[in-house]
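Written out below as structure tokens is the structure these notes cover.
Quick note on labels: first sequence line is chain A, next is B, and so on, each numbered from 1.
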Protein chains: 2
Amino acid sequence: MAARDAGSGTVDEDRAGRTGRRGQRLNRNRLLETALHIVDQHGVDALTMRRIATELQVDPMTIYRHVKNKDALLDGVVEQLWSQVWPQGPDSEEWKAVLSHLGRGLRDVMMRHPSAGPLLLSRPVLPGSALVVLKHALDVVKDAGFTEQEAATIVRCVSSVALSDSALRVTYELPQRPHNASGEPDPEQLISLTQLLPPDTPPDLVRVAWTICPPLETDDDFGFTLDLIVAGAEHLRNRA
Amino acid sequence: MAARDAGSGTVDEDRAGRTGRRGQRLNRNRLLETALHIVDQHGVDALTMRRIATELQVDPMTIYRHVKNKDALLDGVVEQLWSQVWPQGPDSEEWKAVLSHLGRGLRDVMMRHPSAGPLLLSRPVLPGSALVVLKHALDVVKDAGFTEQEAATIVRCVSSVALSDSALRVTYELPQRPHNASGEPDPEQLISLTQLLPPDTPPDLVRVAWTICPPLETDDDFGFTLDLIVAGAEHLRNRA
DNA sequence: CGGTATTAGTCTACACTGTAGACGACAAAG
DNA sequence: CTTTGTCGTCTACAGTGTAGACTAATACCG
């Protein structure tokens with residue numbers, strides 16, 4: 001609507017005459033970036049074609065030149081997220097290090113983009129960026145003496161846990177407080193948690209929720225989970 | 001629309017005069033059941049207030065007497081799904097058995113309701129029905145000599161894997177074939193898989209997708225995953 | 001039983017969604 | 001210059017979730 005008239009002022013300030021206010025023409029990457037940006041700031045439900053369009057100062061229909069439809073756009077965002085986890089860290093030969101790198105990479109993405117969690121989980125799409133990451137992990141684990149099927153199981157295990165475990169805890173994220181090492185609930189946090197649950201939840205079940213989703217997740221916490229899987233994998237190798 | 005005029009024919013055939021064609025009045029359970037039913041048959045996207053209403057032969061607005069809004073309805077469906085996994089199986093004292101029961105229970109739900117997978121994962125809600133199940137697992141594991149935090153980690157691990165691992169593979173579900181024990185791709189299935197991926201995926205990455213999501217998941221397959229976690233847990237206990 | 005309060009169902013209306021289809025502006029190729 | 005193809009725009013439409021006012025059915029209490 002207001003996309004054209006303002007642009008007609010000066011012609012040289014932009015790359016070309018009529019194209020979007022921000023100079024450069026729209027392309028898939030810029031599109032997906034702002035889409036992710038909107039999700040981060042206002043949640044998945046706010047991700048509307050029209051909203052992206054206004055953010056980009058462009059007509060809603062323009063988006064369809066770069067993406068088939070909204071589903072494809074969402075898949076693109078997922079692709080974008082996967083591309084943020086780097087296939088190899090330092091120490092990229094040691095299988096344990098690689099698995100832990102994979103797990104932490106996925107978890108980091110989740111923590112950086114909390115409201116994108118549902119997206120990542122609800123569209124179990126395997127874009128190229130995901131496959132690259134998985135391939136490296138798979139290869140290293142195989143080279144460590146596992147069969148291909150074993151390697152697949154292990155890698156699936158790590159990614160599943162990293163993704164859905166993180167998502168669960170990010171969703172129930174509580175107002176973070178100084179850090180309370182004991183397992184005992186801080187009253188204020190307990191109240192917040194209770195309000196997230198169905199209102200008629202009996203106290204002992206609230207307690208269960210508290211145990212499953214403790215408020216602050218330290219890195220060591222997730223390291224513990226990773227150790228568990230790695231230990232399981234090793235045990236599995238030494239038995240045959 | 002057509003909900004009233006037909007009812008005025010005979011009064012005694014139904015419980016009461018005007019109430020929904022199917023006799024009984026609408027209640028939350030019947031509502032959630034048909035909602036789930038629609039998801040099963042036509043996918044999450046087909047789950048529309050209006051569609052549920054026609055299925056129930058009721059005005060769309062009636063639904064709002066039993067559920068606050070659509071989000072609450074979706075949460076209700078999730079609750080419904082969790083209530084399908086039974087807290088305790090036979091052998092409900094042995095912690096390994098309980099964990100495996102939990103994992104398989106969740107996986108079974110996923111396989112019974114493939115298109116509800118995204119729902120279950122994208123709304124990481126902890127309804128009462130979930131908390132009951134988790135509580136039992138948590139208690140048994142704790143009694144087996146784990147600390148509360150350890151127990152939480154283990155239970156989270158099992159549920160995460162069962163849920164998201166299953167979801168991934170259900171989504172990429174391939175036309176099932178006789179069962180091909182070797183890891184080698186059946187050509188026809190390979191084609192199907194390739195079509196599910198972005199069209200420009202290079203062959204070696206298609207191969208990765210194949211490895212991560214092998215076509216037929218046998219029970220033993222998942223048992224393998226469960227063993228891994230249980231072994232990891234045990235290792236963890238024996239060390240302190 | 002009658003009268004009254006509460007609920008369950010209905011109708012209408014509205015703001016908002018994704019997107020098809022026709023059209024204009026521009027760049028590159030001939 | 002013309003042609004061709006791409007990118008952005010406009011208009012329009014069917015379908016969505018749901019607020020609000022109205023009506024019929026039930027539950028409750030004397």
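Residue contacts shown for A:Thr48 are limited to sugar-phosphate atoms, with no base heavy atom under 4.0 Å away.
Between the CG atom of B:Asp59 and the P atom of D:dA21 there is a distance of 17 Å, rounded to whole Å. Whole-Å rounding puts the B:Asp45 CG to D:dG17 C1' distance at 15 Å. Taking atom CD1 on A:Ile52 and atom C1' on C:dT19, their separation rounds to 14 Å, with Å as the unit. Straight-line distance from the CE atom of A:Met61 to the C1' atom of D:dT11: 10 Å, rounded to whole Å. Residue A:Arg25 contributes atom CZ, which lies 8 Å from atom C1' of C:dA27 at whole-angstrom precision. When the P atom of D:dT9 is taken as reference, atom CG of A:Leu56 falls 10 Å away, rounded to whole Å.
Sorted by first and then second residue, the pairs that involve residues 63-74 of chain B and meet side chain to side chain donor-acceptor pair (under 3.5 Å), not counting sequence neighbours, are B:Asp71-B:Arg123. Counting only residues at least two apart or on different chains, no salt bridge (charged side-chain N to carboxylate O under 4.0 Å, His left out) pair has a member in residues 189-204 of chain A.
B:Ser166 and B:Arg107 get closest at one heavy-atom pair: OG-NE, 3.1 Å.
For DNA chain C, the neighbouring residues in residues 63-77 of chain A, judged by any heavy atom under 4.0 Å, are A:Tyr64, A:Arg65, A:Asn69, A:Lys70.
Below the 3.5 angstrom threshold, one finds a donor paired with an acceptor across the side chain of A:Arg50 and the base of C:dG18.
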